[in-house]
Amino acid sequence: MLDLKIIRENPEAVKTRLKRRGGDFKELDELLKPEEDRRLGLQESESLKNKKKKLSAEVGQLKQKGEDASELMEEVKTINISIKELDDKIQTLEQQVQETLLGIPNIPDDAIPDGADESANKMVRDWGTKPKLSFKPKNHVEIGEQLGLIDLKRAVKISGARFAVYKGQGAGLLRALINFMIDVQTRENGYEELYPPFLVNKESMQGTGQLPKFEEELFATRDDPLYLIPTAEVPVTNFHRDEILEEESLPICYAAYTPCFRREAGSYGKDTQGLIRQHQFDKVELVKFSRPEESAKELEALVENAESILKKLNLHYRVMELCAGDLGFSAAKTYDLEVWLPSQDTYREISSCSNFTDYQARRARIRSKKRTGGKPEFVHTLNGSGLAAGRLFVALLENYQQEDGTVVVPEALRPYMHGREALTL
RNA sequence: GGAGAGGUGGCCGAGCGGUUGAAGGCGCACGCUUGGAAAGCGUGUGUAGGUUUACCCCUACCGAGGGUUCGAAUCCCUCCCUCUCCGCCA
């Protein structure tokens, strides 16, 4: 959520910066009039309440003295009618303003590239080299099914399209990846592990920006007001919702493994084969709460923490800085990590690391108080995948496949697989 | 799910329907005191909104939302949460 005061003071400047995302953002103009009316009404209502308070106190005094106060009581009754009317009006206006405000995305960082879509994203760096395969690479579905690591047909039977069953060594590999990632992030990169609920309430979804605008992306439960999380970002960021944090405790860094549930509405026909785009996938998420002045630096560190997994597994990847038009709703700046997939002869997103500045913090009311005093200020929130386990599984199968159909297990992972060196029949 | 108890400021804990944003204590901050520290003494210490150059001032908030009343932390209703006991269950 953007700061209403800033919009009020300079709507055109805000609009200009938002327009880099694409779109006209004329809802900013629609905001101004009701907000103005709301404030005028509020002033009137407050002065009436002040009068009412004083009169009521007088009534009390008169009654104590045993005098007649009926005239004053009548007056207050009349005032109450006006107050009620005004407050009803104010409430309607406020709802209108809030609703509009919740539908406006974050302002892109001024320094990120212009552009309408991913074609304008900028490569920041790359790491490693493409594996030299002396044979035609198979894709992860072929490899996985031949080795009996995954069963997609039976997943369709028990759940439907975009679901997978991992089995045998495949299931073991997936679990190994999750444990490996959590260990690296908690032991080497300074994150504290959190294991949160996978079902959350509406307030949490609103806090991180999934609601109200993206309800169709979420799985909801039928009999309870709960949603399945699309990412651990939701429960972990909301961990500190409605809190005032100690400034010295910042940055707070959490790593959390959770499955993620996404309806993928509107992505029909996209990545329909294999494990790339699933309704359910596993991910280790990194979340940070930072001082505003340090969030830019923290984002760089977060990206490096995510990269460290790929480096340890010796997987070739590149780091992309997203352009304004490709940015997610709540983000001000985002780096994507894209891993090399031999079968597709291309790079695929395996992590997305963003600085949300104060946008989520304002929605979720996460503040920090300076030791030196003064008003609490909104912290900056950041998060990134560290990494998506399903896509990492894909990358491993494809990059480590051998001509004989087996898959070599990278050394860093072997301790997590009882020393196994290869996935075989 | 059933029965009972309870939800007040960073924490503990008072609070006959009338000046209580809320006693008291702890904690914290600053000052005095001290060779230094502790103790002691003094002062201060919630959040949001409005207004303002600023100080001030005003409004709201005692789990949430409604209601009664001239006036509600205090009374009534609904919901949420916590605790205890019973039931059920991994």
Side-chain angles (χ1 to χ4, degrees), chain A residues 1-10 31-102 195-207 221 223-227 235 238-250 252 259 289 358-379:
Chain A
M1 187 158 67
L2 298 180
D3 187 348
L4 189 52
K5 246 182 203 163
I6 291 176
I7 295 177
R8 220 159 61 195
E9 280 162 15
N10 204 339
L31 205 66
L32 298 173
K33 183 72 169 79
E35 168 60 8
E36 175 72 11
D37 291 346
R38 183 191 70 85
R39 277 195 302 149
L40 291 175
L42 189 63
Q43 282 172 39
E44 202 180 334
S45 163
E46 284 187 355
S47 78
L48 284 176
K49 281 176 187 164
N50 181 241
K51 192 171 173 191
K52 162 185 169 173
K53 257 184 144 176
K54 285 180 175 153
L55 290 178
S56 294
E58 277 182 49
V59 170
Q61 284 170 352
L62 287 177
K63 287 205 164 183
Q64 260 173 8
K65 282 187 260 176
E67 292 174 29
D68 176 51
S70 53
E71 205 174 307
L72 286 180
M73 283 160 67
E74 278 310 309
E75 195 177 340
V76 175
K77 268 189 181 171
T78 316
I79 291 176
N80 276 341
I81 295 170
S82 309
I83 291 177
K84 181 92 174 73
E85 254 171 49
L86 276 167
D87 283 354
D88 285 349
K89 198 177 97 189
I90 292 166
Q91 205 190 347
T92 308
L93 289 167
E94 188 164 351
Q95 269 170 13
Q96 195 183 332
V97 170
Q98 281 298 314
E99 231 165 84
T100 310
L101 209 51
L102 286 173
Y195 186 90
F198 305 156
L199 290 164
V200 301
N201 57 30
K202 198 175 162 187
E203 289 70 33
S204 294
M205 285 297 185
Q206 186 167 300
T221 56
D223 293 330
D224 298 283
L226 294 170
Y227 296 87
N238 279 282
F239 188 63
H240 289 302
R241 173 154 49 87
D242 288 313
E243 289 184 22
I244 298 178
L245 307 167
E246 293 293 330
E247 196 192 21
E248 306 89 86
S249 68
L250 302 176
I252 297 173
F289 302 83
D358 60 358
Y359 187 86
Q360 291 181 330
R362 182 171 289 107
R363 283 181 165 236
R365 295 168 302 280
I366 307 168
R367 290 166 292 174
S368 79
K369 190 164 196 165
K370 286 206 183 293
R371 198 96 188 123
T372 51
K375 287 237 164 197
E377 60 180 2
F378 290 110
V379 302

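Order of the sequence lines sets the chain letters (A, B, ...), proteins ahead of strands, with each chain counted from 1.
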Options B:rU47, B:rA60, B:rC70, nucleotide nearest the side-chain atoms of A:K49
B:rA60
Are the side chain of A:S56 and the backbone N or O of A:K52 linked by a donor-acceptor pair below 3.5 Å?
yes
Would you classify A:R362 as touching base, sugar-phosphate or nothing, given that sugar-phosphate means primed atoms plus P, OP1 and OP2, and contacts are heavy atoms under 4.0 Å?
nothing
Counting only heavy atoms from other residues, nucleotides and ligands, does the tally under 6.0 Å from CD of A:E71 exceed 12?
no
Distance check, P atoms only: B:rG25 and B:rG42, in whole angstrom units.
10 Å
Inter-nucleotide C1' distance (B:rC79, B:rA22), Å rounded
26 Å
Complementary nucleotide for B:rG17 - Watson-Crick or wobble, under 3.5 Å
none
Taking only the P atom of each, what is the distance from B:rU43 to B:rG24 in whole angstrom?
11 Å
Scan A:L42 against the nucleic acid and name what it touches under 4.0 Å (heavy atoms): base, sugar-phosphate only, or nothing.
sugar-phosphate
Pairing nucleotide - B:rA3, Watson-Crick or G-U, each distance under 3.5 Å:
B:rU84
Any donor and acceptor pair, going by atom type alone, linking the side chain of A:D224 with main-chain N or O of A:L226 inside 3.5 Å?
no
Would you mind reading off the distance between A:N201 atom CG and B:rC80 atom P, rounded to a whole angstrom?
13 Å
Is there a side-chain polar atom (N or O) of A:R39 under 4.0 Å from OP1 or OP2 of B:rU59?
no
Whole angstrom is fine here: how far is it from CZ in A:R38 over to P in B:rU59?
18 Å
Comparing A:G60 and A:K54 on RNA chain B - which has the more 5′ nearest nucleotide
A:G60
For B:rG71 and A:N80 - does any side-chain N or O of the residue sit under 4.0 Å from the phosphate oxygens OP1/OP2?
yes
Between B:rC77 and B:rU82, how far apart are the two P atoms, rounded to whole Å?
23 Å
Only pairs with both distances under 3.5 Å count, Watson-Crick or wobble alike; so what is the partner of B:rG31 in this structure?
B:rC41
Considering Watson-Crick and G-U wobble pairs with both distances under 3.5 Å, what does B:rU53 pair with?
none
Check: A:E46 side chain, B:rG49 base, donor-acceptor under 3.5 Å:
yes
In whole Å, I'd like the distance from the CG atom of A:L55 to the P atom of B:rU69.
18 Å
Salt bridge present between A:R8 and A:E35 (N-O < 4.0 angstrom)
yes
Please state how far atom CG in A:L62 lies from atom C1' in B:rU19, giving the value in whole angstrom units.
14 Å
To the nearest angstrom, how far is A:Q61 atom CD from B:rG71 atom P?
17 Å
Over all strands shown, is A:R367 touching base, sugar-phosphate only, or nothing at heavy-atom distances under 4.0 angstrom?
sugar-phosphate
Quick check on B:rC58: is either OP1 or OP2 less than 4.0 Å from any side-chain nitrogen or oxygen of A:N50?
no
Looking at every strand, decide which applies to A:V59 at a 4.0 Å heavy-atom threshold: base, sugar-phosphate, or nothing.
base
Mind checking A:K53 for me? I need base, sugar-phosphate or nothing, with any heavy atom below 4.0 Å counting as a touch.
sugar-phosphate
Integer angstrom distance from the P of B:rC11 to that of B:rA23:
16 Å
Determine whether a donor-acceptor pair (N or O, by modelled atom type, separation under 3.5 Å) exists between the side chain of A:T92 and the backbone of A:D88.
yes
A:K52 side chain: which of B:rG50, B:rU19, B:rG71 is closest?
B:rG71
Taking atom P in both B:rC81 and B:rU69, compute the distance separating them and give it to the nearest angstrom.
32 Å
Whether A:R362 side chain and A:M1 backbone form a donor-acceptor pair below 3.5 Å
yes
Could you tell me whether A:D358 and A:R363 make a salt bridge, using a distance below 4.0 angstrom between a side-chain N and a carboxylate O?
no
Residue closer to the 5' end of RNA chain B, A:S56 versus A:K84 (nearest nucleotide)
A:S56
Looking at the side chain of A:P376, which of B:rG50, B:rC70, B:rA48 is the nearest nucleotide?
B:rA48
Return the pairing partner of B:rA64 with a 3.5 Å limit on both distances, Watson-Crick or G-U wobble; otherwise return none.
B:rU78
Polar contact flag, side-chain donor to acceptor under 3.5 angstrom, A:N201-A:S204
yes
Nearest whole angstrom, please: distance from the C1' of B:rG18 to the CE of A:M73.
13 Å
Identity of whatever pairs with B:rA22 - Watson-Crick or G-U, under 3.5 angstrom:
none
For B:rU51 versus B:rG63, give the span between their P atoms, rounded off to a whole number of Å.
30 Å
Rounding to an integer number of Å, can you tell me how far A:E377 CD sits from B:rU47 P?
13 Å
Please determine, for B:rG9, whether a Watson-Crick or G-U wobble partner exists with both distances under 3.5 Å, and give it or none.
none
Write down the partner of B:rA72 under the Watson-Crick or G-U wobble criteria, each distance required to be under 3.5 Å.
none
P atom, B:rG65 versus B:rC80: distance in rounded Å?
15 Å
To the nearest angstrom, the CD-C1' distance between A:Q43 and B:rG49 comes to 11 Å
Under 4.0 Å, counting only non-hydrogen atoms across every strand here, what does A:K51 touch: a base, just sugar-phosphate, or nothing?
nothing
